[in-house]
Every structure is written in C-alpha cells, then in structure tokens.
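The block underneath contains the structure these notes are about, expressed in structure tokens.
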Amino acid sequence: MGRKRYVARSSTKQPTSGLTSFSRARGSSSQSSAPAYTYQANLSGGRAYIGMAHTKSSLKARIATQLSGGPRASAVCKNNHVISVNRVYKHANVTAAKAAETKRYYSTKAALGADKVRGAGHTKDFTKK
C-alpha cells in the first residue's frame, strides 16, 4: 500500500495518508505566487522596526496601524513613537519577503546597533534608559 506519512499537529506525530510530511496546506500564503511586502518604520530615538505584510491591502492597513499606534500595531511601535514608514519593497512571494525582512533586520542592526532595531521575529522591547 505504500509508506505512512506524518504531519506535525502538535508535539505528537500521528499517522495519516495522502499528505506530504510536515508541509503547509495547499494554497498556503507562504507558498503563494502573490507578491508580499517589507517595510521599515522609523521610530523616535533613531530606532527602526522592520516589518512585513502579505498583501498590498494588508500593507496599507499595517502601515496605518503602525503610524497610529493602534491596538493591532506591533508592541515595538506602540511603545515607541513612529515618525515615518519608508523603504517599502515588493517581493515575489511571502517566502522571499520573509527572507528579505530577516536580511534587512541584520543589515540595519549592523548599521544602527543591536539596541536600535527590532522586527523579523526580534521583537523584545528596547531597553529603557
């Protein structure tokens, strides 16, 4: 009959058939060919936040939310005044955008210093002085 395949569901593995091992569901946004976007929010104190959005409409909404510091803004942008948002880039898909977001985070960190940039999964609040 063939091999049994496993799908990650939590911390346990359960046998199933017809699914690719540890794969995302068909049509998942990270596998989509739709473009995704990255951006940089410039914060008070010379700090920066690097972010990502899955669609152009979510990018516009995300930027508006980050600028307003509203309830859905990132904790970093809520706790630090957003001065502007720039360096918006379009990428081929979510996978490419995530890679670019991480790369931009590290290059900005190298330029500004470790305590001047957040984003790309590195979202611990800045140290208070």
Side-chain angles (χ1 to χ4, degrees):
M1 210 164 188
R3 301 182 308 181
K4 289 195 180 217
R5 296 182 183 166
Y6 294 88
V7 176
R9 297 224 169 141
S10 63
S11 60
T12 62
K13 295 179 184 176
Q14 300 178 5
T16 184
S17 60
L19 296 175
T20 304
S21 323
F22 301 97
S23 67
R24 295 189 181 271
R26 185 182 297 256
S28 168
S29 61
S30 68
Q31 301 300 319
S32 172
S33 61
Y37 303 84
T38 57
Y39 63 91
Q40 178 175 319
N42 300 304
L43 310 173
S44 59
R47 296 172 175 161
Y49 174 80
I50 310 302
M52 189 196 81
H54 291 239
T55 65
K56 191 170 189 174
S57 61
S58 68
L59 171 69
K60 290 177 181 181
R62 187 76 174 145
I63 288 172
T65 301
Q66 301 292 37
L67 286 169
S68 72
R72 296 192 56 134
S74 71
V76 172
C77 291
K78 281 183 191 176
N79 296 330
N80 299 275
H81 176 69
V82 178
I83 297 167
S84 65
V85 173
N86 67 350
R87 298 186 183 176
V88 175
Y89 296 97
K90 182 178 180 179
H91 305 279
N93 54 42
V94 172
T95 302
K98 285 181 180 182
E101 178 189 30
T102 300
K103 184 176 179 180
R104 178 157 303 111
Y105 166 80
Y106 284 110
S107 66
T108 306
K109 179 181 170 183
L112 300 179
D115 201 40
K116 292 283 189 176
V117 64
R118 296 293 185 267
H122 304 274
T123 56
K124 181 179 177 184
D125 203 7
F126 295 106
T127 55
K128 303 291 182 194
K129 292 184 178 183

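- Here the CG-CG distance, from Asn80 to Asn42, works out to 12.5 Å after rounding to the nearest 0.5 Å.
- For the atom pair CG of Leu59 and NE2 of His54, the computed distance is 11.5 Å after rounding to the nearest 0.5 Å.
- Arg62 places none of its side-chain heavy atoms less than 4.5 Å from the side chain of Tyr37.
- Put simply, the side chain of Arg104 never gets that close to the backbone of Gly51: no donor and acceptor are under 3.5 Å apart.
- In the hydrophobic cluster analysis, where Ile, Leu, Val, Met, Phe, Trp and Tyr join through side-chain heavy atoms closer than 4.5 angstrom, Leu67 is grouped together with Val88.
- Counting only heavy atoms from C-beta outward, the side chains of Arg47 and Arg118 never approach each other to under 4.5 Å.
- Contact detail for Leu43 and Val82: the closest heavy-atom pair is CD2-CG2, 3.6 Å.
- Closest approach of Gly70 and Lys78 over heavy atoms only: O-CE, 3.2 Å.
- Residues Ser74 and Gln66 have side chains in contact (heavy-atom distance under 4.5 Å, counting atoms from C-beta outward).
- Scanning both residues, Ala97 and Thr38, for their nearest heavy atoms gives O-CG2, 3.4 Å.
- Judged purely by atom type and a 3.5 angstrom limit, Lys116 has no side-chain atom pairing as donor or acceptor with the backbone of Ala48.
- Closest of all the heavy-atom pairs between Ser58 and Ala53 is OG-CB, 3.6 Å.
- Residues Ala92 and Ala96 share a closest heavy-atom pair of N-CB, 4.3 Å.
- Ile50 and Leu112 fall into different hydrophobic clusters, where Ile, Leu, Val, Met, Phe, Trp and Tyr side chains are chained together by heavy-atom contacts under 4.5 Å.
- Of all non-hydrogen atoms in His91 and Ala100, the two that sit nearest each other are CE1-CB, 3.2 Å.
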